[in-house]
Amino acid sequence: MDGTLISMDNGPLQAIEDTKKAIADTNVNVIYEASFKYGEVFIRADILERGNQGWFLTEVKSSTECKDQHIPDVAIQTWVIKMCGVELEGEYLQFINNEFMYQGDGNFMGLFAWQDITASVSGIIEDMAGKKDLFIRMLDGDLPQIKMGSQCKKPYKCDYIDYCKQSGPKYPVSILPNGWRAAQKLQDQGIDDVRDIPNGFLTSEKQKRVREVTISGKPHLDPEATSILKKLGWPRYYLDFETIGFAVPHWKKTRPYMQVPFQWSCHIYHKNDHSDHKEFLDITGNDPRREFAESLIACCGDEGPIIVYNESFEKSRIRELAEAFPDLSDELLALNARVFDLLKIMQKHYYHPSMMGSWSIKSVLPALVPELTYSTLVGSVHDGSEAQVAYYDAISSDADLRVRQKISSSLLEYCKLDTLAMVKIADALHNYQSGH
DNA sequence: ATGTTGAGGCGTGGAGGCTA
DNA sequence: TAGCCTCCACGCCTCAACAT
């Protein structure tokens, strides 16, 4: 849709002036980033469309539904615009329709969905002046005296979490796994630290283990874990995927936010101690799925456990590949039948006080295999989200060959370390009694 | 941002047992 | 034997945790 974009290049005051001119100009029917200021509040509206009696305001979100927190976001904009004397006829939220399937033809009709939120907005706008004053007072005042809680992460993660943690307990009760209800009860009783939880309070086995290990300071490993691992067959495939999920689909037959796999790493260990590493990475920018699937099948042979961390992720990707390529379906699904989940073993049988209630591979590795660390990675990729950014940079048309090669080696290095981490974790479990 | 899985709490309903 | 209580299993729901 053609319209006038209000630039911020010359500062907010100029943007406000430009907005006034655009509104006065009856040839302009759509304004992007229209800018307004009322009192201390400056806002930029994503889309304004001229209607018969006034304007329609549309806020664009990358989420896939209208969420509670979006309403006050639009309400404050609505309030500022109305206070500036501009008439609004209604407010809309525009978001991503994640059922949209791209057909690869450049046609994105259906990618977006809209919701009329005029009623919800007007329901809270009466209160807006008071709310605004409250927020201004809070910003001007001292640090709020409030304990950490769910508000630190929901609906968005707060930037000051690390700061606040410094003054809190060393092992807050919020680290209890699936323990939000228990944590609430404990905090109501004035208990903030896991080490202060009275014996007998917790009922879940996992939570009890966290409490006991935290108090004793000694890691716990159930010998059952060792015997389960020793029973696994050969050869052993340690496998990890990297994927990318675009809000706006890039390739035919993909949906918004669909996790498209573009890279895998596999360490293969044979019974005779012989080992091998294989990998796949496609940064051509073409749909990587077909070659990903074919190379994976070729790598994994037809017997031996395929060891992953959090099996639902890799299994789901393989299932999606099987749906995308019916001719490979049988071979792909045969891989899924061999998948063994290292995460489940860890959750059931291991805990170290430094894990702080988390069994993610990034928490388990430093506890169990401290000599292997992601910080040794020299490239720009240290976790899954950075892998996505790096992949996107690599396939972007403006990336030259040298940049691509650098990104490629960073990605390969990172994914290889992820599977090596699983190898070392499994080794550590194997040798636990003798070592440690 | 996604999807999958599992934990834990709560309500429901059937089985079994007690009493009048 | 009718009526009522208790207990436990099960299903449903919400939330959290994990991967990217």
Side-chain angles (χ1 to χ4, degrees), chain A residues 60-67 69-70 95-101 111-113 149-150 152-157 173-186 201-210 238-250 254-265 281 288-289 292 307-321 323 336 339 341-348 351 355-365 374 381-392 411 414-415 418-419 421-422 425:
Chain A
V60 184
K61 294 292 181 196
S62 63
S63 72
T64 56
E65 60 185 345
C66 178
K67 297 188 172 160
Q69 67 266 25
H70 294 149
F95 49 95
I96 302 271
N97 165 26
N98 67 354
E99 286 175 10
F100 170 74
M101 179 75 85
L111 173 64
F112 289 110
S150 59
C152 301
K153 287 182 184 170
K154 280 196 320 195
Y156 303 110
K157 201 176 162 201
V173 290
S174 58
I175 68 169
L176 291 170
N178 298 98
W180 63 280
R181 220 179 280 257
Q184 222 162 42
K185 275 187 197 164
L186 285 161
F201 179 91
L202 298 171
T203 51
S204 126
E205 285 306 312
K206 234 159 107 182
Q207 292 176 7
K208 283 198 272 189
R209 201 190 330 148
V210 168
Y238 297 84
L239 183 65
D240 185 49
F241 294 171
E242 302 302 322
T243 65
I244 182 104
F246 296 112
V248 180
H250 265 49
T254 61
R255 289 184 295 109
Y257 296 117
M258 182 177 179
Q259 296 290 318
V260 179
F262 61 83
Q263 179 180 15
W264 57 257
S265 162
L281 171 63
R289 290 177 293 174
F292 181 101
I307 300 160
V308 302
Y309 213 88
N310 189 18
E311 65 178 6
S312 75
F313 186 76
E314 270 76 15
K315 276 182 158 178
S316 299
R317 301 297 81 77
I318 289 176
R319 224 182 300 129
E320 287 160 4
L321 289 171
E323 275 168 36
N336 267 358
V339 166
D341 193 352
L342 203 51
L343 168 65
K344 283 209 178 104
I345 297 294
M346 303 310 288
Q347 285 180 324
K348 216 169 174 181
Y351 189 68
M355 284 160 57
M356 299 296 279
S358 163
W359 278 264
S360 76
I361 193 162
K362 267 80 181 168
S363 304
V364 169
L365 187 67
Y374 288 87
V381 182
H382 304 83
D383 62 45
S385 56
E386 286 179 354
Q388 296 197 6
V389 173
Y391 174 78
Y392 183 73
L411 282 166
Y414 164 69
C415 198
D418 250 352
T419 49
M422 284 193 283
I425 288 170

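Each chain gets a letter, A, B and so on, in the order its sequence line appears, and its residues count up from 1.
In this structure H250(A) satisfies the ring-ring contact (aromatic ring centres under 6.0 Å, His included) test together with F246(A), sequence neighbours excluded. Residues meeting the side-chain hydrogen bond (donor to acceptor under 3.5 Å, both in side chains) test with T254(A), sequence neighbours left out: none.
The neighbour count for K185(A) NZ, taken as heavy atoms of other residues, nucleotides or ligands under 6.0 Å away, does not exceed 12.
Side chains of N97(A) and F112(A) form no contact here, defined as non-hydrogen atoms less than 4.5 Å apart.
Taking 4.0 Å as the cutoff to heavy atoms of chain A, we find the contact window on DNA chain B bounded by dA1(B) to dG9(B).
If you measure from atom CZ of F313(A) to atom C1' of dA17(C), you get 14 Å, rounded to the nearest angstrom. Counting to the nearest Å, the P atom of dC18(C) and the NZ atom of K362(A) are 12 Å from each other. Atoms CG (L239(A)) and C1' (dA19(C)) sit 13 Å apart, rounded to a whole Å. As rounded to whole Å, 14 Å separates atom C1' of dA17(C) from atom NZ of K157(A). Summarising the geometry, the separation between OH on Y309(A) and P on dA17(C) is reported as 14 Å, rounded to the nearest angstrom. What separates CD of E314(A) from C1' of dC18(C) is a distance of 11 Å, to the nearest Å. Rounded to a whole Å, the CD atom of Q207(A) is 10 Å from the P atom of dA17(C). If you measure from atom CD1 of I361(A) to atom P of dA19(C), you get 7 Å, rounded to the nearest angstrom.
When heavy atoms are screened at a 4.0 angstrom cut-off, K344(A) is found touching the sugar-phosphate backbone but no base atom. Using a 4.0 Å heavy-atom cutoff across all strands shown, K61(A) reaches no nucleic acid atom at all. Across all strands, E205(A) comes closer than 4.0 Å to no nucleic acid atom at all (heavy-atom distances). Across all strands, D418(A) comes closer than 4.0 Å only to sugar-phosphate atoms, never to a base (heavy-atom distances). Heavy atoms of I244(A) sit nowhere under 4.0 angstrom from any nucleic acid atom. Using a 4.0 Å heavy-atom cutoff across all strands shown, E242(A) reaches sugar-phosphate atoms only and no base atom.
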> Where do Y238(A) and I425(A) land on the side-chain contact (heavy atoms from CB on, under 4.5 Å) test, with the steps shown first?
Replying inline: CA-CA 11 Å; Y238(A) 297 84; I425(A) 288 170; over 6 Å; no
> Hey, mind stepping through Q263(A) and Y391(A) against side-chain contact (heavy atoms from CB on, under 4.5 Å) and telling me if it holds?
Replying inline: CA-CA 10 Å; Q263(A) 179 180 15; Y391(A) 174 78; over 6 Å; no
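Of all non-hydrogen atoms in M356(A) and I175(A), the two that sit nearest each other are O-CB, 3.5 Å. Contact between R209(A) and W359(A) at its shortest, heavy atoms only, is NH1-CZ2, 3.8 Å.
Residues S312(A) and E65(A) both approach DNA chain B. Their nearest nucleotides, taken by heavy-atom distance, put E65(A) toward the 5′ side.
For dC18(C), the OP1/OP2 oxygens have a side-chain nitrogen or oxygen of S358(A) closer than 4.0 Å.
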Donor-acceptor contacts under 3.5 Å from residues 341-348 of chain A side chains, at least two apart:
{"unit_1": "D341(A)", "atom_1": "OD1", "unit_2": "N310(A)", "atom_2": "N", "d": "2.9"}
{"unit_1": "D341(A)", "atom_1": "OD1", "unit_2": "L343(A)", "atom_2": "N", "d": "2.9"}
{"unit_1": "D341(A)", "atom_1": "OD2", "unit_2": "E311(A)", "atom_2": "N", "d": "3.0"}
{"unit_1": "K344(A)", "atom_1": "NZ", "unit_2": "E311(A)", "atom_2": "OE2", "d": "2.7"}

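Applying the ring-ring contact (aromatic ring centres under 6.0 Å, His included) test between F241(A) and each of F262(A), F292(A), Y309(A) identifies F292(A) as the sole match.
Within residues 383-392 of chain A, no residue has any heavy atom closer than 4.0 Å to DNA chain B.
The residues E320(A) and R317(A) are annotated as salt-bridged, a charged nitrogen and a carboxylate oxygen being separated by less than 4.0 angstrom.
A cation-pi arrangement, defined by a distance under 6.0 Å to the six-membered ring centre and an angle within 45 degrees of its axis, is absent between R255(A) and Y257(A).
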Which protein N or O atoms sit under 3.5 Å from an N or O of nucleotides 6-16 of chain C?
{"unit_1": "dA16(C)", "atom_1": "OP2", "unit_2": "K154(A)", "atom_2": "NZ", "d": "3.2"}

